[in-house]
Amino acid sequence: MKNKDRPVYLLLFVLALAVNLAGINVKFFTDDPGLYASIAKNMVYRKEFFELFTYNYDWLDKPHFPFWMAMLSFKIFGISVWAYRLPALLFFMLSLVYTWLFTRKYYNKETAAIGVLILMTAQYIIMSNTDVRAEPYLMALVIGSIYHIACLQERFTITDLLLAALLTACAIMTKGIFVIIAIYGSLLGQLIFQKKFSSLFHIKWIGLFLLTFIFTLPEFYALYRQFDLHPEKLVFERHHVSGIKWFLWDSQFGRFVNSGPIVRNKGGDVFFYLHTLLWAFAPWCLLFYYAIYKHIRDIFKGSKLPEYYALSGGLLLLLLFSLSGFQLPFYTNTVFPLFAVVTAPYCYKQLSNFGTKFRLISLWVYIIILTMIVFVINFFLKPASYVCFAIDCGIFFILISWINNRMKEGYKKAFFLSCAAALFANFYLVTVLYPVIATYNGQVAAANYINQPQFNQYRVYSARTENNVFQFECKKPVDYLPVEEFSKFSIKGNAAFYLSQYSLNYLVQNHISFHMLQSFQNYSRERILPEFINSATRDKTLDKVYLITK
């Protein structure tokens with residue numbers, strides 16, 4: 001890395017970290033983070049470490065590790081949206097450390113710096129650091145496991161063995177056993193392509209497998225305690241549900257073939273992730289596809305690559321996701337550190353004439369699109385304040401002017417400007433667009449209303465299990481009461497019920513009496529519709545949610 005480039009790298013690292021952390025206190029505007037945060041909150045309220053509940057019902061859908069991290073954060077810092085996001089963001093930063101270490105091990109410092117910047121500026125990474133699910137945890141755990149396995153492959157140390165096993169176990173306790181396809185698949189690819197397949201049967205790998213199993217035992221115990229010991233519990237509308245069987249089979253292979261207890265109505269599209277990555281891994285996707293092509297061509301030509309871990313692990317898990325009947329865009333974040341390692345060398349290395357032109361064109365396409373999107377959105381959004389937009393524009397134009405004057409090489413200029421454009425677009429999303437969406441979340445407004453002192457003695461109910469932002473924001477336990485049972489409901493004392501427009505319509509159509517406490521404007525979709533962004537048509541996308549009593 002040249003001395004004149006270091007200030008640019010350093011400044012972009014600082015800005016990228018700031019953008020990734022900027023959404024830490026934005027109110028939830030999608031359901032999943034509200035659900036996961038509510039489950040962690042319930043663990044604190046119940047003083048329960050091993051059992052997961054939502055609306056006071058047993059919950060079986062995801063393993064425990066992210067909930068343990070969120071619960072620990074809540075116990076230390078109190079229950080809030082930023083305390084929920086904090087541990088995930090710390091794991092995101094750990095993924096940056098491991099991406100640096102892994103890339104530095106097989107390439108050089110400049111490639112490592114580029115790889116880290118690619119990861120920090122990838123579109124869905126920044127989005128996921130605000131809309132936090134399990135992916136920030138998985139990024140660190142997967143790339144960390146692979147790094148220590150790579151070290152273990154070269155030279156046995158107890159430290160690498162323990163850390164590889166521990167991180168792999170935590171990854172399994174975050175998303176299930178399928179994550180080992182990326183972790184062990186990377187090792188398998190490395191040994192096959194290096195013609196060292198026989199070393200796969202070395203005793204150290206048996207030790208790694210056994211230690212990983214031992215470190216995963218808390219998950220098995222938690223599932224056994226909550227479900228296998230209680231066959232009388234009703235889960236997925238049936239009794240005799242084994243939590244361990246669900247963990248080992250239904251949550252993994254059941255989702256893969258879309259035949260488990262939780263299914264999606266739409267079948268899988270094998271090309272789903274190929275076009276999803278065009279925006280999820282922006283602005284690096286086209287260059288990533290080129291890097292994959294070059295890697296595969298070099299392998300067929302017999303050329304030796306610096307390493308095969310990133311290519312093998314990343315493509316194996318991407319293939320699995322593509323063949324699965326259960327496909328969601330954020331699944332790919334798990335292997336974005338590996339994609340960054342694959343892509344990084346092609347951001348600065350000398351390429352053929354075609355490769356050089358393709359690199360410049362692919363990066364400039366994203367630079368132009370990302371920049372234009374911000375101005376188009378802001379024109380139609382018409383936010384109440386333009387302060388953040390003005391700050392964003394000021395920093396962006398100063399940054400690109402500095403990069404343009406400092407960088408003479410076209411490929412470096414395009415790379416740094418791509419980073420700047422990604423940060424410009426996402427700073428706007430985090431500081432302007434997401435807060436606007438959050439202000440139209442009726443669940444937050446309803447929770448703030450029922451949190452008032454005059455309702456301290458009220459029991460609170462939700463008519464749907466999808467109202468999880470309300471469940472989290474409410475400062476008292478929220479129970480579930482299906483709207484169909486509202487007319488039969490009786491309780492001593494006062495009770496308030498949270499209803500969507502659909503549930504209220506059911507009561508009206510069936511002539512069931514109720515008393516209105518308050519109504520709240522609400523944007524109920526998780527997709528950001530163009531009609532919502534356009535302030536002139538926004539009202540057409542809004543409905544109402546309600547608090548009622550009997």
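In this text the structure is predicted, and so the values were computed from the model without any measurement.
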>> Between His275 and Phe272, is the ring pair (Phe, Tyr, Trp, His ring centres under 6.0 Å) condition met? List the steps.
In response: CA-CA 6 Å; His275 55 76; Phe272 174 81; 5.7 Å; yes
> Would you say Phe415 and Met407 make side-chain contact, with heavy atoms under 4.5 Å?
Replying inline: no
> Is there a side-chain contact between Thr30 and Arg133, using heavy atoms and a 4.5 Å cut-off?
Replying inline: yes
Can you see which heavy atom on [X] is nearest to which on [Y], and at what distance?
{"X": "Thr174", "Y": "Ala134", "result": "CG2-CB, 3.8 Å"}
{"X": "Thr216", "Y": "Ala169", "result": "OG1-CB, 3.4 Å"}
{"X": "Thr168", "Y": "Ser145", "result": "N-OG, 3.1 Å"}
{"X": "Pro136", "Y": "Ser128", "result": "CG-O, 4.1 Å"}
{"X": "Glu110", "Y": "Lys412", "result": "OE2-CE, 3.7 Å"}
{"X": "Ala182", "Y": "Val335", "result": "CB-CG1, 4.4 Å"}

>> What verdict does the side chain to side chain contact (heavy atoms under 4.5 Å, CB included) test give for Ile180 and Thr212, after you've listed the backbone C-alpha separation in whole Å, the side-chain angles of each residue and the deciding distance to 0.1 Å?
In response: CA-CA 11 Å; Ile180 65 175; Thr212 300; 5.9 Å; no
>> Between Phe102 and Leu338, is the side chain to side chain contact (heavy atoms under 4.5 Å, CB included) condition met? List the steps.
In response: CA-CA 10 Å; Phe102 182 87; Leu338 303 178; 5.6 Å; no
> Taking the six-membered ring for Trp, are Phe91 and Phe65 ring centroids under 6.0 Å apart?
Replying inline: yes
> Do Tyr84 and Phe472 make the cut of ring centroids closer than 6.0 angstrom?
Replying inline: no
Determine yes or no for a side-chain-to-main-chain donor-acceptor pair under 3.5 angstrom, with [X] supplying the side chain and [Y] the backbone.
{"X": "Arg85", "Y": "Val26", "value": "yes"}
{"X": "Thr54", "Y": "Ile39", "value": "no"}
{"X": "Gln226", "Y": "Asp58", "value": "no"}
{"X": "Thr356", "Y": "Ser352", "value": "yes"}

> Got a sec, which residues hit salt bridge (Lys or Arg N to Asp or Glu O under 4.0 Å) with Lys294, two or more places apart in sequence or on another chain?
Replying inline: none
> Residues two or more places apart in sequence or in another chain: which of them pass salt bridge (Lys or Arg N to Asp or Glu O under 4.0 Å) with Asp228?
Replying inline: none
>> Could you work out, with side-chain hydrogen bond (donor to acceptor under 3.5 Å, both in side chains) as the rule, every residue matching Lys357, not counting sequence neighbours?
In response: none
> Residues two or more places apart in sequence or in another chain: which of them pass side-chain hydrogen bond (donor to acceptor under 3.5 Å, both in side chains) with Ser80?
Replying inline: Trp82
> Within a radius of less than 6.0 Å around CZ of Phe156, do more than 12 heavy atoms belonging to other residues, nucleotides or ligands occur?
Replying inline: yes
> Got more than 12 heavy atoms from elsewhere within 6.0 Å of CD1, Ile76?
Replying inline: yes
>> My understanding is that only one of Phe281, Tyr366, Tyr346 makes a ring-ring contact (aromatic ring centres under 6.0 Å, His included) with Phe288; could you say which?
In response: Phe281
> Would you call the rings of Trp68 and His64 parallel, tilted or perpendicular if under 30° counts as parallel and over 60° as perpendicular?
Replying inline: tilted
For residues 308-319, tabulate all N or O donor-acceptor pairs below 3.5 Å that involve a side-chain atom, not counting sequence neighbours.
{"from": "Tyr308", "atom 1": "OH", "to": "Leu305", "atom 2": "N", "distance (Å)": "3.1"}
{"from": "Ser312", "atom 1": "OG", "to": "Tyr308", "atom 2": "O", "distance (Å)": "2.7"}

>> For a quick check under 3.5 Å, do Tyr411 and Gln350 share a side-chain donor-acceptor pair by atom type?
In response: no
> Quick one: do the Thr121 and Trp284 side chains pair a donor with an acceptor below 3.5 Å?
Replying inline: yes
>> Quick one, Tyr348 with Thr111, criterion side-chain hydrogen bond (donor to acceptor under 3.5 Å, both in side chains). Give me CA distance, side-chain angles, the key distance, then yes/no.
In response: CA-CA 8 Å; Tyr348 78 96; Thr111 308; 2.7 Å; yes
> When you look at Trp59 and Phe67, which way does the ring pair (Phe, Tyr, Trp, His ring centres under 6.0 Å) test go after all the steps?
Replying inline: CA-CA 12 Å; Trp59 189 78; Phe67 303 107; 5.5 Å; yes
>> Evaluate Cys347 against Leu287 for side chain to side chain contact (heavy atoms under 4.5 Å, CB included), listing each step before the verdict.
In response: CA-CA 8 Å; Cys347 291; Leu287 196 55; 3.5 Å; yes
>> Let's go through Leu187 and Ile183 carefully: what are the C-alpha distance in whole Å and the side-chain angles of both, what is the deciding distance for side chain to side chain contact (heavy atoms under 4.5 Å, CB included) to 0.1 Å, and is it a yes or a no?
In response: CA-CA 7 Å; Leu187 173 63; Ile183 297 170; over 6 Å; no
> What residues, two or more places apart in sequence or in another chain, satisfy ring-ring contact (aromatic ring centres under 6.0 Å, His included) together with Phe416?
Replying inline: Tyr9
>> Assess the residue pair Phe336 and Tyr124 against the criterion (ring pair (Phe, Tyr, Trp, His ring centres under 6.0 Å)); give the C-alpha distance rounded to whole Å, side-chain angles, the decisive distance to 0.1 Å, and a yes or no.
In response: CA-CA 9 Å; Phe336 275 9; Tyr124 218 143; 7.7 Å; no
